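To start, the structure itself, in structure tokens.
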Amino acid sequence: MGTTMALFVLLLQLLFLWPTVAASPTVSMSKPGCQEKCGNITIPYPFGTGDASCYRDMYDVTCNHSFIPPKLFLANGNLEVLEISPGGQLRINVTVGYQCYNSKGNLTSELPTWVDLTENRPYTFSDSRNRFTTLGCDTYTYVTGSKGRNFTSGCAMVCSDQQSVVNGSCSGIGCCQTSIPKGFKKFDVELHSFDNHTKVWNFNRCNYAFLVDYEWYNFTVSDLLEYNFYYENGGSVPLVLDWAIENQSCKDVSRRNSTSYICGKNSECFDSPNGLGYLCKCSQGYQGNPYLDDGCQDIDECADPTKNDCKAPGICINTPGSYNCSCPPGTEGDGRKNGLTCIAPVRAMKQSQLIQVTAGTGLSILFLVICISWLSWGFQKRKMNKLRDKFFQQNGGLLLKQQLSLHEGNMETTKIYTADELKKATNNYDESRILGRGGYGTVYKGILPDDKEIAIKKSRIVDGSQVEQFINEVVILSQINHKNVVRLLGCCLETEVPMLVYEYVTNGTLYHHIHDEGHKASISWEIRLRIATETAVALAYLHSAASPPIIHRDIKSANILLDDNYMAKVSDFGASRLVPLDQTQLTTLVQGTLGYLDPEYFHTSQLTEKSDVYSFGIVLVELLTGRKALEFDRPENEKSLAVHFVTSMKEDNVAAILEERVLKECSKDQLRRVTKIAKRCLSVKGEERPTMQEVAMELEGLRRSNRHPWVEHNHEEAEYLLGEASNPYSCNTTGYDSLTDHVLISLDSGR
Ligand SMILES: *[C@@H]1O[C@H](CO)[C@@H](O)[C@H](O)[C@H]1NC(C)=O
Ligand SMILES: *[C@@H]1O[C@H](CO)[C@@H](O)[C@H](O)[C@H]1NC(C)=O
Ligand SMILES: *[C@@H]1O[C@H](CO)[C@@H](O)[C@H](O)[C@H]1NC(C)=O
Ligand SMILES: *[C@@H]1O[C@H](CO)[C@@H](O)[C@H](O)[C@H]1NC(C)=O
Ligand SMILES: *[C@@H]1O[C@H](CO)[C@@H](O)[C@H](O)[C@H]1NC(C)=O
Ligand SMILES: *[C@@H]1O[C@H](CO)[C@@H](O)[C@H](O)[C@H]1NC(C)=O
Ligand SMILES: *[C@@H]1O[C@H](CO)[C@@H](O)[C@H](O)[C@H]1NC(C)=O
Ligand SMILES: *[C@@H]1O[C@H](CO)[C@@H](O)[C@H](O)[C@H]1NC(C)=O
Ligand SMILES: *[C@@H]1O[C@H](CO)[C@@H](O)[C@H](O)[C@H]1NC(C)=O
Ligand SMILES: *[C@@H]1O[C@H](CO)[C@@H](O)[C@H](O)[C@H]1NC(C)=O
Ligand SMILES: *[C@@H]1O[C@H](CO)[C@@H](O)[C@H](O)[C@H]1NC(C)=O
């Protein structure tokens with residue numbers, strides 16, 4: 001039944017697409033009955049050739065068939081046209097000015113160059129597309145132009161040898177480019193040489209000067225050699241002209257209600273970017289020649305999949321100037337790929353799921369199993385605790401509410417991905433795409449069709465706690481928008497295991513950077529301090545900005561991700577909670593990670609905001625010492641990293657356990673302050689720990705004083721704190737060495 005349905009859908013699509021594909025019309029760019037092409041050059045109206053009715057006054061061009069292929073010329077002149085763009089530009093072929101010398105310094109050949117458009121009223125040299133360009137190694141040139149005002153500009157260059165010329169870069173050695181002013185219609189070029197090329201003749205014999213379409217011309221060293229440039233380009237280069245209708249702006253023509261307004265139906269007028277006159281363009285959703293009355297034709301977006309974002313089973317319907325996606329009966333949504341697509345209402349969704357899975361009923365049975373287990377899990381919970389059940393319902397309710405808000409067009413923030421999309425993105429969950437594994441499941445890297453990179457978290461097993469964590473994370477993360485918290489892009493509900501889609505954070509975990517072999521000591525103190533600050537800011541935000549507050553409950557270096565700029569992003573909210581907690585749940589679930597876990601938890605079985613502060617303290621000590629939180633939890637090590645750190649602080653010997661690099665780069669004052677923060681965070685009693693906001697502010701202040709090292713500088717205390725002053729460290733990040741340090745000390749003590 002599934003296959004027949006699929007075939008039917010395919011047939012429907014064919015029926016809808018086929019006739020439109022076949023009937024895509026070719027719209028003529030010129031007036032009916034007029035020559036549209038000269039060789040392969042299209043002549044769009046107002047340009048035209050032949051009969052006077054074929055072109056607008058002054059826009060006549062001539063197609064000379066004595067050339068093969070035929071060449072197109074501007075009306076009253078011999079300027080060869082290479083291309084006419086209805087957007088208001090036109091390319092012509094102009095000769096290059098040059099001067100060549102023999103080894104004795106005698107001029108052997110010379111060609112001046114100039115272009116005069118003053119007789120061709122609608123044209124000016126495009127200031128945005130052209131550059132006046134000079135080539136040569138013993139050269140100075142002038143370009144003069146006029147339109148009412150005159151201007152003179154130029155280049156002068158001497159280079160000693162070929163090696164000094166930079167290949168590929170027109171930067172003033174062998175090649176020089178200058179812009180031209182707006183609105184000019186005439187230019188003249190003069191070429192000169194300082195020493196008649198006698199000193200550079202072995203590699204450069206000629207000067208060249210020309211106005212050229214800069215998108216066309218790229219300089220290479222070989223352009224200076226022999227007569228290469230001349231022969232490679234047939235002695236001429238393309239130049240771009242701007243053209244416009246009349247000499248009045250859109251406002252003028254519309255106010256005057258005049259016959260001089262020639263933009264056709266479904267088109268808009270805009271002022272020429274270069275001088276007087278106006279131009280026309282087809283309105284959005286139309287294409288063709290806006291200067292013809294019926295020139296702008298509706299684009300059939302439905303015929304071209306790249307022009308519409310309807311997605312099967314959504315049906316694309318072309319409308320004048322636009323298109324509409326609609327959903328077949330029985331489904332709802334907007335039919336758009338990046339929108340709501342067409343989703344069957346909840347009950348029908350299972351059906352469409354069945355349809356999609358043509359291979360069999362396996363997945364649907366699984367789906368049913370999930371539904372049943374979800375339900376039974378809900379019932380169990382209800383029995384266990386009424387309060388908790390309320391909490392879960394709230395979660396589920398929120399999730400539903402969120403889905404509803406999705407339907408209301410809030411889809412930029414959280415998106416529902418299909419199973420197929422994610423399967424494709426991860427190359428069918430290929431081993432090579434695995435970013436990490438944990439108790440929760442596996443994180444894969446995915447690449448969407450638009451090359452956007454994502455991280456996909458796939459839970460391992462479907463049991464009650466997994467679904468709970470899943471809902472939890474969606475609910476929590478969808479409320480958060482903070483640059484230091486990993487962003488949830490969406491989720492996928494179609495698969496047997498729910499999946500979450502996050503922004504892909506490029507540079508791995510903090511754990512990796514401070515602990516993994518080959519990375520140790522790879523990040524500077526300044527960056528460490530920034531990471532600590534950003535993490536603290538994120539946690540402070542979670543604790544205070546969100547309502548109700550969010551406790552992360554599993555802060556550790558492995559849950560802090562870094563991007564290319566080492567910006568910290570807190571991740572993994574699977575264990576986190578909105579604060580109005582159900583007290584008993586904590587006993588049933590294993591929370592936190594050993595080594596980071598709040599010691600109070602062992603007495604109270606409860607995690608609070610202050611537990612996050614404790615875990616953060618451990619991360620801070622990891623950053624300071626480069627040691628692992630877990631290593632010290634092994635029995636042979638006796639002490640945890642926290643105890644180890646606090647003890648060494650009490651013994652005034654904290655320098656002994658700090659990472660060498662930190663010791664080197666961190667100022668003594670900073671060390672004193674940051675170790676103090678860490679110590680306070682690691683207080684055994686939660687109430688003695690600072691709040692995350694206090695920590696964040698303190699670290700923020702530290703970073704600022706890092707940039708202004710003269711702020712608060714108490715060396716004696718710092719030395720006392722660090723014990724033996726024999727440590728030969730200097731303060732690199734703060735920008736002064738130990739010598740200035742001494743000066744500062746004497747200043748301090750002098751006060
Ligand atoms: C015309 O044909 C020539 C070569 O045959 C090509 O270089 C040029 O780009 C074509 N011009 C247009 C406008 O298609
Ligand atoms: C075409 O070009 C040739 C050669 O430049 C010229 O002699 C002839 O007069 C031109 N024909 C027209 C119609 O301009
Ligand atoms: C140019 O060549 C002539 C003879 O051909 C010579 O008399 C004259 O000196 C040369 N000029 C220069 C500047 O070298
Ligand atoms: C511009 O230069 C031309 C000669 O090239 C001269 O006749 C004219 O008076 C100049 N115009 C101004 C405004 O300087
Ligand atoms: C200069 O660069 C061009 C490509 O940009 C390359 O083809 C050419 O070989 C280079 N010439 C030299 C001398 O490096
Ligand atoms: C360059 O050539 C010109 C004539 O072609 C001559 O008047 C001038 O003296 C020469 N300059 C040098 C430096 O050779
Ligand atoms: C000129 O160089 C730019 C980048 O350096 C390149 O994108 C462009 O294609 C080049 N143009 C030509 C005509 O080679
Ligand atoms: C430009 O004109 C020159 C000489 O008139 C000719 O050799 C060259 O082929 C033309 N360039 C193009 C692109 O038509
Ligand atoms: C615009 O062009 C017309 C001739 O087509 C001329 O009479 C008029 O003076 C010009 N106006 C301006 C502002 O240049
Ligand atoms: C402009 O044209 C409209 C109709 O096309 C007419 O009603 C109006 O009076 C005209 N205005 C002027 C100033 O000519
Ligand atoms: C597109 O469809 C919607 C609903 O089907 C309708 O309200 C809207 O007017 C349509 N838009 C166009 C341009 O036809």
Side-chain angles (χ1 to χ4, degrees), residues 34-35 37-41 43 47-52 54-55 59-82 92-95 97-112 115 119-120 131 133 135-142 156-177 190-209 212-229 231-237:
C34 298
Q35 182 180 343
K37 294 220 163 202
C38 178
N40 65 355
I41 305 168
I43 310 171
F47 296 88
T49 179
D51 193 76
C54 283
Y55 54 87
Y59 296 87
D60 51 329
V61 288
T62 348
C63 190
N64 191 330
H65 289 273
S66 56
F67 296 94
I68 297 168
K71 282 187 177 181
L72 190 66
F73 293 91
L74 286 187
N76 51 350
N78 44 6
L79 291 172
E80 183 193 347
V81 178
L82 301 172
I92 59 171
N93 187 16
V94 294
T95 56
Y98 60 86
Q99 258 188 343
C100 295
Y101 295 83
N102 64 19
S103 59
K104 304 273 186 333
N106 266 0
L107 196 59
T108 54
S109 55
E110 182 175 29
L111 185 73
V115 179
E119 295 301 307
N120 302 54
R131 297 284 180 274
T133 306
L135 304 180
C137 269
D138 175 11
T139 309
Y140 62 100
T141 56
Y142 301 113
M157 288 177 294
V158 176
C159 29
S160 47
D161 52 26
Q162 190 180 330
Q163 279 66 45
S164 63
V165 179
V166 186
N167 192 20
S169 140
C170 189
S171 55
I173 310 172
C175 174
C176 161
Q177 285 188 325
E190 258 182 65
L191 293 103
H192 303 278
S193 177
F194 297 105
D195 292 316
N196 294 350
H197 280 243
T198 46
K199 293 182 178 159
V200 295
W201 193 84
N202 60 341
F203 73 95
N204 176 225
R205 298 174 191 180
C206 301
N207 298 331
Y208 299 98
V212 68
D213 177 3
Y214 82 92
E215 284 180 10
W216 174 87
Y217 181 62
N218 279 352
F219 171 70
T220 69
V221 176
S222 86
D223 288 347
L224 293 175
L225 311 179
E226 301 281 333
Y227 304 100
N228 289 359
F229 182 74
Y231 287 111
E232 266 163 25
N233 300 294
S236 39
V237 291

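Just so you know, ligand 1 is whichever comes first in the structure, and atom 1 is the first atom listed for that ligand. Please read these numbers as outputs of a predicted model, since none were measured by experiment.
Using modelled atom types and a 3.5 Å distance limit, the side chains of S66 and N64 yield a donor-acceptor pair.
Using a 30° and 60° split on the angle between ring planes, H197 and Y101 fall in the parallel class, below 30°. Between Y208 and Y98, the two ring planes are tilted [angle within 30° to 60°]. Ring planes of Y217 and F229: perpendicular class, angle over 60° (limits at 30 and 60°).
Judged by the shortest distance from any of its heavy atoms, F67 lies inside the 4.0 Å radius around the atoms of ligand 2.
Taking the six-membered ring for Trp, Y55 and F47 have ring centres at least 6.0 Å apart.
In terms of protein heavy atoms, atom 5 (O) of ligand 5 is closest to T220 CG2, 4.1 Å. Counting protein heavy atoms only, atom 11 (N) of ligand 2 is closest to N64 ND2, 2.8 Å.
Under the 4.0 Å distance rule, the nearest protein heavy atom to atom 9 (O) of ligand 2 falls outside the cut-off. Taking a distance limit of 4.0 Å, we find that atom 3 (C) of ligand 2 is approached by some protein heavy atom.
For ligand 2, the atoms closer than 4.0 angstrom to any heavy atom of S66 are 1 (C), 2 (O), 3 (C).
Considering backbone and side-chain N/O atoms, N167 comes within less than 3.5 Å of an N/O atom of ligand 5.
Pairing of C170 with C176 by a disulfide is not supported, the SG atoms lying 2.5 Å or further apart.
Of the candidates N196, N106, T198, the one placing a heavy atom closest to atom 14 (O) of ligand 6 is N196.
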